[in-house]
Colleague: 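What follows is a single structure, and I will ask about it in a moment.
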Amino acid sequence: MLLSWLAGLGTGLVLLHFLQRLLLPYFWDDFWFLLKVVSYGLQVEMCKRRGRLDTVLEKFLRHTKRQPRKPFIIHEGQVYTYQDVDKRSNRVARAFLSHSSLKKGDVVALLMSNEPDFVHVWFGLAKLGCVVAFLNSNVRAHSLLHCIRTCEPRALVVGADLLGTVEEILASLPKDVSVWGLKDSVPQGIISLKQKLSTSSDEPVPHSHHAVSSLTSTCLYIFTSGTTGLPKAAVISQLQVLKGSAGLWAFGCTADDVVYITLPLYHSSAALLGIGGCVALGATCVLKKKFSASQFWSDCKKYNVTVFQYIGELCRYLCKQPKLFFSFDLIKYDFQNDEPMRNEQNWCSRVKKGEPGLLISRVNKKNPFFGYAGSYRHTKNKLLFDVFKKGDVYFNTGDLMVQDQENFLYFWDRIGDTFRWKGENVATTEVADVIGMLDFIQETNVYGVAVSGYEGKAGMASIILKPNKSLNLEEFYEQVVTSLPSYACPRFLRIQEKMETTGTFKLQKFQLVEEGFNPLKISDPLYIIDNLKKSYVPLTQELYEQIILGEVKL
């Protein structure tokens with residue numbers, strides 16, 4: 001009797017295992033990941049109940065005491081230990097305490113490339129309790145000025161290699177913003193932070209300067225292109241920074257790992273998951289100014305890299321998570337009218353598996369959206385109301401995704417007035433506004449087109465010339481390269497006689513995107529950017545084929 005019962009139990013377990021592998025092949029991966037996430041949430045909650053609000057900065061200070069001589073940042077062969085970064089950031093904090101009127105809660109904007117001083121300044125300002133706004137180091141002129149005005153900083157810190165960019169807008173900056181440059185010799189109107197650091201003490205500042213009373217308090221501003229117009233400053237709370245810093249740990253990284261970071265530090269991926277993740281683990285990071293395919297493997301070998309970061313859409317993080325505590329939906333999207341599709345009852349509908357849909361996430365007390373700095377209008381535009389029922393609110397990611405039969409998510413496209421190129425979101429309205437400043441342009445339509453061999457979409461501008469005006473390709477080139485980040489400059493140019501509009505009088509993009517940039521399919525004149533000739537040149541069929549074959553790089 002006992003033997004038959006054991007045999008039946010064994011058979012049942014084998015059958016159960018078989019069904020689990022067949023129907024739920026990722027069950028145990030999801031289960032252990034979920035267990036780690038839940039345990040982390042419990043740790044944060046226990047700290048709060050004990051009256052101790054932990055932050056990434058507090059974790060960094062603890063690691064500095066435990067392992068002062070362990071390498072934290074490796075940059076261009078030079079090693080910066082936890083103690084080195086701590087002392088250098090203390091100098092930054094002391095310099096601002098002695099030579100400025102900055103106080104806890106003030107906003108300081110940071111315009112720097114990937115370098116150790118980015119972290120030194122960031123941590124130094126955090127030690128003063130300041131809110132740090134990361135500025136995209138690629139933006140210039142009007143866009144940069146807009147970003148600075150949006151976050152309303154008391155000070156602006158600029159890397160040595162970007163002083164020229166700030167000098168262009170110095171006269172237009174708000175008068176109450178002091179500008180600090182990380183260079184000995186700086187232009188007039190800019191304070192040399194490097195000189196101040198040379199005489200500053202590296203003694204720690206009092207803990208009261210950076211002690212936080214709530215994890216929902218603002219820690220950072222990180223700029224996003226958004227779906228319309230100029231970049232917006234997303235409010236990042238202390239809790240969001242903590243959650244981001246747990247990413248490497250959640251996916252199995254340890255203090256022994258060496259993390260290779262080539263993404264720009266002004267992005268949340270590099271700053272929160274990368275630097276913050278290394279801090280949470282007490283690990284080491286290799287910081288690269290920018291990605292180099294030719295140096296990648298040699299760097300990995302040289303520095304014993306075990307983990308590297310790469311740019312990914314939101315699905316990169318969602319696809320490994322259970323659909324339980326991290327709820328999302330994919331809803332039908334009207335590509336013609338550029339808006340979520342609603343039925344006769346005005347509700348949104350979920351897409352079927354395998355169909356592209358707009359990725360949205362429920363907003364509630366457990367999953368709050370802190371919005372953007374400035375006008376509430378920017379925050380409201382990212383929210384969808386009354387989606388499936390009266391009163392519900394969802395965050396609109398702006399990403400179109402596809403979910404396969406195994407429930408994995410894949411990035412498909414950006415919606416509306418943005419597209420992604422070189423790992424950056426490009427706001428088409430911003431590009432169109434820059435082009436529209438040319439006196440021979442009557443109308444501009446900017447969109448992204450797919451290019452074989454490239455992720456994302458390359459920028460393309462379709463224009464109509466003013467009557468009796470001729471196209472000046474050199475002037476067009478000069479306008480875009482001096483006013484836009486390099487990734488936002490249109491790679492292709494199309495000259496049209498008229499433009500189609502949608503039923504709501506928006507410029508029609510769908511057909512243009514479908515037609516792409518093939519000279520055999522398009523009778524309109526086509527051009528491609530040529531940085532050597534500093535102009536746009538005719539896009540011939542031969543040049544088109546070279547692009548498709550990968551012989552000409554964009």
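Note that the coordinates shown come from a computational prediction; the quantities given were computed from them, not determined experimentally. Throughout, numbering of the chain's residues begins at 1 and tracks the sequence.
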Colleague: More than 12 heavy atoms of other residues, nucleotides or ligands under 6.0 Å from NZ of K533: is that the case?
Modeller: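 No, because the 6.0 Å sphere around NZ of K533 holds 12 heavy atoms or fewer from other groups.
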Colleague: Nearest 0.5 Å please: distance from the CD1 atom of I529 over to the CG atom of L532.
Modeller: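 Interatomic distance, I529 CD1 to L532 CG, rounded to 0.5 Å: 11.0 Å.
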Colleague: Kindly write out the residues that satisfy salt bridge (charged side-chain N to carboxylate O under 4.0 Å, His left out) with R491, not counting sequence neighbours, or none if the list is empty.
Modeller: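 Partners of R491 under the salt bridge (charged side-chain N to carboxylate O under 4.0 Å, His left out) test: none.
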Colleague: Flag the pair T55 / L242 as yes when at least one side-chain heavy-atom distance between them is below 4.5 Å, and no otherwise.
Modeller: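 They are not in contact (no side-chain heavy atoms under 4.5 Å apart), so the answer is no.
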Colleague: If every non-hydrogen atom of V279 is compared with every non-hydrogen atom of Y82, which pair is closest and at what distance?
Modeller: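 Scanning both residues, the minimum pair turns out to be CA-OH, 4.4 Å.
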Colleague: To check you understand the geometry: which heavy-atom pair defines the closest contact between P153 and I148, and what is its length?
Modeller: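 For P153 versus I148, the nearest heavy atoms are CD-O, 2.9 Å.
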Colleague: List the steps, then state whether side-chain contact (heavy atoms from CB on, under 4.5 Å) holds for D161 with E115.
Modeller: CA-CA 11 Å; D161 59 332; E115 56 182 295; 4.2 Å; yes
Colleague: Any chance CD of Q479 has more than 12 other-residue heavy atoms, nucleotides or ligands included, within less than 6.0 Å?
Modeller: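 Yes, the 6.0 Å shell around CD holds more than 12 heavy atoms from other groups.
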Colleague: Apply side-chain contact (heavy atoms from CB on, under 4.5 Å) to A126 and list each qualifying residue two or more places apart in sequence or on a separate chain.
Modeller: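 Counting only residues at least two positions away or on another chain, A126 forms a side-chain contact (heavy atoms from CB on, under 4.5 Å) with L57.
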Colleague: Heavy-atom distance under 4.5 Å between the side chains of Y487 and R420, does that happen here?
Modeller: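 A side-chain contact is absent here, since even the closest heavy-atom pair is not under 4.5 Å.
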Colleague: Could you tell me whether the side chain of L248 reaches within less than 4.5 Å of the side chain of L273, counting heavy atoms only?
Modeller: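 Heavy-atom side-chain distance check fails, nothing below 4.5 Å.
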Colleague: Quick one: side-chain contact (heavy atoms from CB on, under 4.5 Å) partners of S462, sequence neighbours excluded?
Modeller: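 Per chain and number, S462 pairs via side-chain contact (heavy atoms from CB on, under 4.5 Å) with N445, Y447, R494, Q496, M499, L512.
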Colleague: Is there a side-chain contact (heavy atoms from CB on, under 4.5 Å) between V158 and W180? Walk through the geometry before answering.
Modeller: CA-CA 6 Å; V158 188; W180 304 68; over 6 Å; no
Colleague: Parallel, tilted or perpendicular: which one describes the rings of H146 and H142, with boundaries at 30° and 60°?
Modeller: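 The arrangement is tilted - the two ring planes meet at 30° to 60°.
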Colleague: Which value, rounded to the nearest 0.5 Å, describes the distance between I73 atom CD1 and C278 atom SG?
Modeller: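 Answer for the CD1-SG pair, I73 versus C278, is 9.0 Å.
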Colleague: So, does Y303 use its side chain to make a donor-acceptor pair with the main chain of G77 at under 3.5 Å?
Modeller: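 Yes: the side chain of Y303 pairs with the backbone of G77.
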Colleague: Does R62 have any salt bridge (charged side-chain N to carboxylate O under 4.0 Å, His left out) partners at least two apart in sequence or in another chain, and if so, which?
Modeller: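 Residues passing salt bridge (charged side-chain N to carboxylate O under 4.0 Å, His left out) with R62: D54.
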Colleague: So, applying side chain to side chain donor-acceptor pair (under 3.5 Å) with R154, which one of S101, S178, S100 is it?
Modeller: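 Single side chain to side chain donor-acceptor pair (under 3.5 Å) partner of R154 among S101, S178, S100: S101.
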Colleague: So for atom NZ, which belongs to K466, do other residues, nucleotides or ligands contribute more than 12 heavy atoms lying within a distance under 6.0 Å?
Modeller: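 Buried by this count: over 12 neighbours within 6.0 Å.
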Colleague: Could you tell me whether a side-chain N or O of S483 sits under 3.5 Å from a main-chain N or O of V434, the two making a donor and an acceptor?
Modeller: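 No, S483 side chain to V434 backbone: no donor-acceptor pair under 3.5 Å.
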Colleague: Among all residues two or more places apart in sequence or in another chain, which pass the side-chain contact (heavy atoms from CB on, under 4.5 Å) test with K288?
Modeller: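 Only Y260, T262, Q295, D299 meet the side-chain contact (heavy atoms from CB on, under 4.5 Å) criterion with K288.
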Colleague: Any chance you could measure L110, atom CG, to W122, atom CH2, to the nearest 0.5 Å?
Modeller: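 Separation between the atoms: 9.5 Å.
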Colleague: Write down the atom of C253, the atom of V307, and the distance for their closest heavy-atom approach.
Modeller: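 Of all heavy-atom pairs spanning C253 and V307, the closest is SG-CG2, 3.7 Å.
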Colleague: Kindly assign one of parallel, tilted or perpendicular to the pair F308 and F296, based on the angle between their ring planes and the thresholds 30° and 60°.
Modeller: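 Answer is perpendicular, since the angle exceeds 60°.
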Colleague: Decide yes or no on ring-ring contact (aromatic ring centres under 6.0 Å, His included) for F118 and F134, but give the supporting numbers first.
Modeller: CA-CA 10 Å; F118 186 111; F134 295 160; 5.1 Å; yes
Colleague: Is the side chain of S192 donor-acceptor paired with the backbone N or O of V186 at a distance under 3.5 Å, no angle test?
Modeller: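 No, the answer is negative, given that no donor and acceptor are paired below the 3.5 Å cut-off.
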Colleague: Say whether, by atom type as modelled, one donor and one acceptor occur between the side chain of Q67 and the main chain of G282 under 3.5 angstrom.
Modeller: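 Side chain of Q67 to backbone of G282: a pair is present.
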Colleague: Which is it for N531 and Y477 under the side-chain contact (heavy atoms from CB on, under 4.5 Å) test, yes or no, and what are the steps along the way?
Modeller: CA-CA 9 Å; N531 290 316; Y477 175 90; 2.9 Å; yes
Colleague: Mind running side-chain contact (heavy atoms from CB on, under 4.5 Å) on S113 and L162 for me, showing each step along the way?
Modeller: CA-CA 8 Å; S113 304; L162 294 168; 4.0 Å; yes
Colleague: Answer yes or no: is there a donor N or O on one side and an acceptor on the other, between the side chain of Q195 and the main chain of D184, under 3.5 Å?
Modeller: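 Yes, Q195 side chain to D184 backbone: donor-acceptor pair under 3.5 Å.
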Colleague: Has K183 got more than 12 heavy atoms of other residues, nucleotides or ligands less than 6.0 Å from its NZ?
Modeller: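 Atom NZ in K183 is not packed in, count stays at 12 or less.
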Colleague: Which distance, rounded to the nearest 0.5 Å, do you find between the CG of N396 and the CG of L384?
Modeller: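 Going from the CG atom of N396 to the CG atom of L384 covers 4.5 Å.
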Colleague: How close do A93 and G124 get, heavy atom to heavy atom, and via which atoms?
Modeller: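 A93 and G124 have their closest heavy atoms at CB-O, 3.5 Å.
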Colleague: With a 4.0 Å cut-off, would you call D117 and R88 a salt bridge?
Modeller: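 Salt bridge present between D117 and R88.
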Colleague: So, R94 side chain and P204 main chain: donor-acceptor pair closer than 3.5 Å or not?
Modeller: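 Here the side-chain-to-backbone pair exists.
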Colleague: Fit a plane to each ring of F72 and F60, take the angle between them on a 0 to 90° scale, and name the class: parallel (under 30°), tilted (30 to 60°) or perpendicular (over 60°).
Modeller: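 Rings of F72 and F60: tilted, 30 to 60°.
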Colleague: With sequence neighbours excluded, tell me which residues meet side-chain contact (heavy atoms from CB on, under 4.5 Å) with R69.
Modeller: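 Scan of R69 (side-chain contact (heavy atoms from CB on, under 4.5 Å), adjacent residues dropped) gives none.
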Colleague: Side-chain contact, heavy-atom cut-off 4.5 Å: N138 with E424?
Modeller: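 N138 reaches E424 side chain to side chain.
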Colleague: If you look at every heavy atom in I275 and C285, which pair is closest and at what distance?
Modeller: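 Looking at all heavy atoms of both residues, the shortest contact is CD1-SG, 3.8 Å.
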Colleague: Any side-chain to backbone donor/acceptor pair from H75 onto L287? Under 3.5 Å, distance only.
Modeller: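 Pair found, side chain donor or acceptor close to backbone of L287.
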Colleague: Going by heavy atoms in the side chains, are L554 and I528 under 4.5 Å from each other?
Modeller: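 SC-SC contact between L554 and I528 confirmed.
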Colleague: Quick check: does any side chain N or O of T284 sit under 3.5 Å from a backbone N or O of P71, one acting as donor and the other as acceptor?
Modeller: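 It does hold such a pair.
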Colleague: Taking all heavy atoms of A458 and all of F419, pick out the closest pair and write down the distance.
Modeller: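 For A458 and F419, the tightest heavy-atom pair comes out as C-CE1, 4.1 Å.
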Colleague: Would you indicate whether the side-chain heavy atoms of P231 and E430 approach each other to under 4.5 Å?
Modeller: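 SC-SC contact between E430 and P231 confirmed.
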Colleague: Distance only, no hydrogens: is a donor on one side chain within 3.5 Å (strictly under) of an acceptor on the other, for N114 and K290?
Modeller: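 Note: N114 and K290 side chains miss the donor-acceptor criterion.
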Colleague: Taking the six-membered ring for Trp, are H120 and Y80 ring centroids under 6.0 Å apart?
Modeller: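 Ring centres of Y80 and H120 closer than 6.0 Å.
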Colleague: Kindly indicate whether the side chain of Q238, heavy atoms from C-beta on, has any atom under 4.5 Å from the side chain of L53.
Modeller: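 No, side chains not in contact.
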Colleague: In the structure I gave you, are the side-chain heavy atoms of V107 and E152 within less than 4.5 Å of one another anywhere?
Modeller: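 In short, these two side chains do not touch, never coming nearer than 4.5 Å.
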Colleague: For the side chain of D86 and the backbone of Q83, is there at least one donor-acceptor N/O pair under 3.5 Å apart?
Modeller: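 Flag not set: sc D86 to bb Q83 has no pair under 3.5 Å.
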Colleague: Has the side chain of S98 got a donor or acceptor atom that lies under 3.5 Å from a matching backbone atom of A95?
Modeller: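 Here the side-chain-to-backbone pair does not exist.
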Colleague: Nearest 0.5 Å, please: how far is CD1 in I191 from NE2 in H99?
Modeller: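 H99 atom NE2 to I191 atom CD1 measures 10.0 Å (nearest 0.5 Å).
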Colleague: Please indicate whether K70 has more than 12 foreign heavy atoms, meaning atoms of other residues, nucleotides or ligands, lying under 6.0 Å from its NZ.
Modeller: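 Counting other residues, nucleotides and ligands, NZ of K70 exceeds 12 neighbours.
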